[in-house]
> 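Before I ask anything, here is the structure I am working with.
Each chain gets a letter, A, B and so on, in the order the sequences are listed, and its residues count up from 1.
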Number of protein chains: 4
Amino acid sequence: MLNKVQLVGRLTKDPELKYLGNGTPVTNFTLAVNRTFKNKNGEREADFINIVVWRKQAENVAQYVGKGSQVAISGRIQSRSYENADEQRRYVTEVVAEEVHFLDSKRKKENYTDEHGNSFQDLYPLDGGEDDLPF
Amino acid sequence: MLNKVQLVGRLTKDPELKYLGNGTPVTNFTLAVNRTFKNKNGEREADFINIVVWRKQAENVAQYVGKGSQVAISGRIQSRSYENADEQRRYVTEVVAEEVHFLDSKRKKENYTDEHGNSFQDLYPLDGGEDDLPF
Amino acid sequence: MLNKVQLVGRLTKDPELKYLGNGTPVTNFTLAVNRTFKNKNGEREADFINIVVWRKQAENVAQYVGKGSQVAISGRIQSRSYENADEQRRYVTEVVAEEVHFLDSKRKKENYTDEHGNSFQDLYPLDGGEDDLPF
Amino acid sequence: MLNKVQLVGRLTKDPELKYLGNGTPVTNFTLAVNRTFKNKNGEREADFINIVVWRKQAENVAQYVGKGSQVAISGRIQSRSYENADEQRRYVTEVVAEEVHFLDSKRKKENYTDEHGNSFQDLYPLDGGEDDLPF
DNA sequence: TTTT
DNA sequence: TTTT
């Protein structure tokens, strides 16, 4: 049955990359999606949506995307439950990303120079070439 | 920023209709969306997604849709927090439905006769006329 | 970059199954999607959208889905051009289906009995089991 | 019935703003959406999708968005037919935009100074404030 | 050149 | 616990 999500927003933090016991990479982050309408106080709020990315794409995201980066995501909603430290069942709703597209030029500072001494900007120029990244 | 969801699934229960202090109608229900792939045990699981519907559409849903009904929903993901009885902050992720489309003919039994003695089927015949309902 | 479509509608005809020179199966059909709003004359119109399905899914669709069947589709918009008989360039916009979900029980009449003498209904009972079809 | 589209791409030209006989504003443009996969020759192609925007949003788009601008669009697919100069019926498939979100800082040059002598950048600074535009 |  |  149909289960589809499309989001455009900004990461609230640098994503965390982990590896499962079997070596599968996973990345988690929160996406802030600003609402288009304002609330009663005239403020524009945001929705904070938890995102999970798997495998190769998880590594790409962890490497090239940081706090404040703007991304477009498509995926599906997943509901999951787990037991917390107090042995209480907790229910989680999150988005499993199937595609992550890079929409701007904010990149992690640590990556600005690679192993050949090329700056990040040389490799991935900022003039609209964002879509040439390996996402 | 973009925040869109599209789902097709079945209600796990009859929806609950409530009215806010100011008279605004709200309906809540859980949608079971079967996954298209199977898990390691060869079973097909489902995601259980909380849906909120507002206003006139809430009343329509509460009236015509019941446990087991198949619906198509489009809307947006909303994150919300509240304080529970133990004064702990709880975080909720749910889908606010903007459109609810009726896809089958399972309707609430209690509605099969209206105040004029007409059966539900007379008013809303099942032969494909589902889309003529006021949704 | 993001390119996503989700549709629920009915086939205007039985789908046509073809095989490319290399053996790849393709199916084409038109989906009628009723609009939710009415036009100035109070009539509800429909959009007629051309759908292309590839590979195994094309064969499933051609086998189990017919004129009038209700389906949910997710996919992407594709633009294509070709030269017609008069050597004029024609531009086509269509939806390439990535998923096709079966939403009702209208099936092709010719398939109601299989090679073991079982009726189609025996194999695929209509009580909500539509999702067990191989789509 | 469900009919939803979400796109992220770049305008191939400056949009054209027209006004219908009754004064309703309409804007048309083509959106280039790069494909994520490459073709047999290892090239990444694009889909060129015709977009229609109505009313206030049409005026905003025509004013602030230009050739090369990156936008996120949500809307629906529309099929339409008309008679061309040769009295032949032509069929058109296009996307009617319901939301247009501004994703970058490429703006039309002509608008860089307003009637109070403020440059466009003063009014709409480029540092992430794109979402404060009246879209 | 259309579905229910 | 939140981004621009």
> Nearest whole Å is fine: how far is F/dT3 C1' from A/L103 CG?
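Rounded to whole Å, this separation is 14 Å.
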> Side chain of A/R10 only, please: which of F/dT1, F/dT4, E/dT3 is the nearest?
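The listed nucleotide nearest to A/R10's side chain is F/dT4.
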> In terms of side-chain heavy atoms of B/Y91, which of E/dT3, F/dT1, F/dT3 is nearest?
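From the listed options, F/dT1 comes nearest.
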> In whole angstroms, how far is the P atom of F/dT2 from the NZ atom of A/K13?
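Taking NZ of A/K13 and P of F/dT2, I get 9 Å after rounding.
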> E/dT2, F/dT1, F/dT3: which one has an atom nearest the side-chain heavy atoms of C/F48?
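Per side-chain heavy atoms of C/F48, the pick is E/dT2.
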> For A/S79, which residues count as a side chain to side chain donor-acceptor pair (under 3.5 Å) partner, sequence neighbours excluded?
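Checked A/S79 against side chain to side chain donor-acceptor pair (under 3.5 Å); zero matches.
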> What integer distance in Å separates D/Q78:CD from E/dT2:P?
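Atom-to-atom, D/Q78 to E/dT2, this comes out as 19 Å.
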> Starting at atom CG of C/N50, determine the distance to atom P of E/dT1, rounded to an integer number of angstrom.
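Result: 10 Å.
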> Separation of A/F29 atom CZ from F/dT3 atom C1', in whole Å?
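The answer, rounded to whole Å, is 12 Å.
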> Between the side chains of C/E45 and C/N39, does any donor sit under 3.5 Å from an acceptor?
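Yes, C/N39 and C/E45 have a side-chain donor paired with an acceptor closer than 3.5 Å.
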> Checking the side chain of A/N34 only, and the main-chain atoms of A/A46 only, is there a donor and an acceptor separated by less than 3.5 Å?
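Looks like no, no N/O pair under 3.5 Å.
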> Rounding to an integer number of Å, can you tell me how far B/I77 CD1 sits from F/dT2 P?
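Computing the B/I77:CD1 to F/dT2:P distance gives 19 Å.
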> Of the listed nucleotides (E/dT4, E/dT1, F/dT1), which one gets closest to any side-chain atom of B/R89?
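So the nucleotide nearest the side chain must be F/dT1.
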> Quick check: do A/V71 and A/V61 have side-chain heavy atoms less than 4.5 Å from each other?
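Heavy-atom side-chain distance check fails, nothing below 4.5 Å.
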> How many whole angstroms separate atom CZ of A/R35 from atom C1' of F/dT3?
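Going from A/R35 (CZ) to F/dT3 (C1'), I get 14 Å.
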> Would you mind reading off the distance between C/D104 atom CG and E/dT3 atom C1', rounded to a whole angstrom?
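Rounded to the whole Å, the gap is 11 Å.
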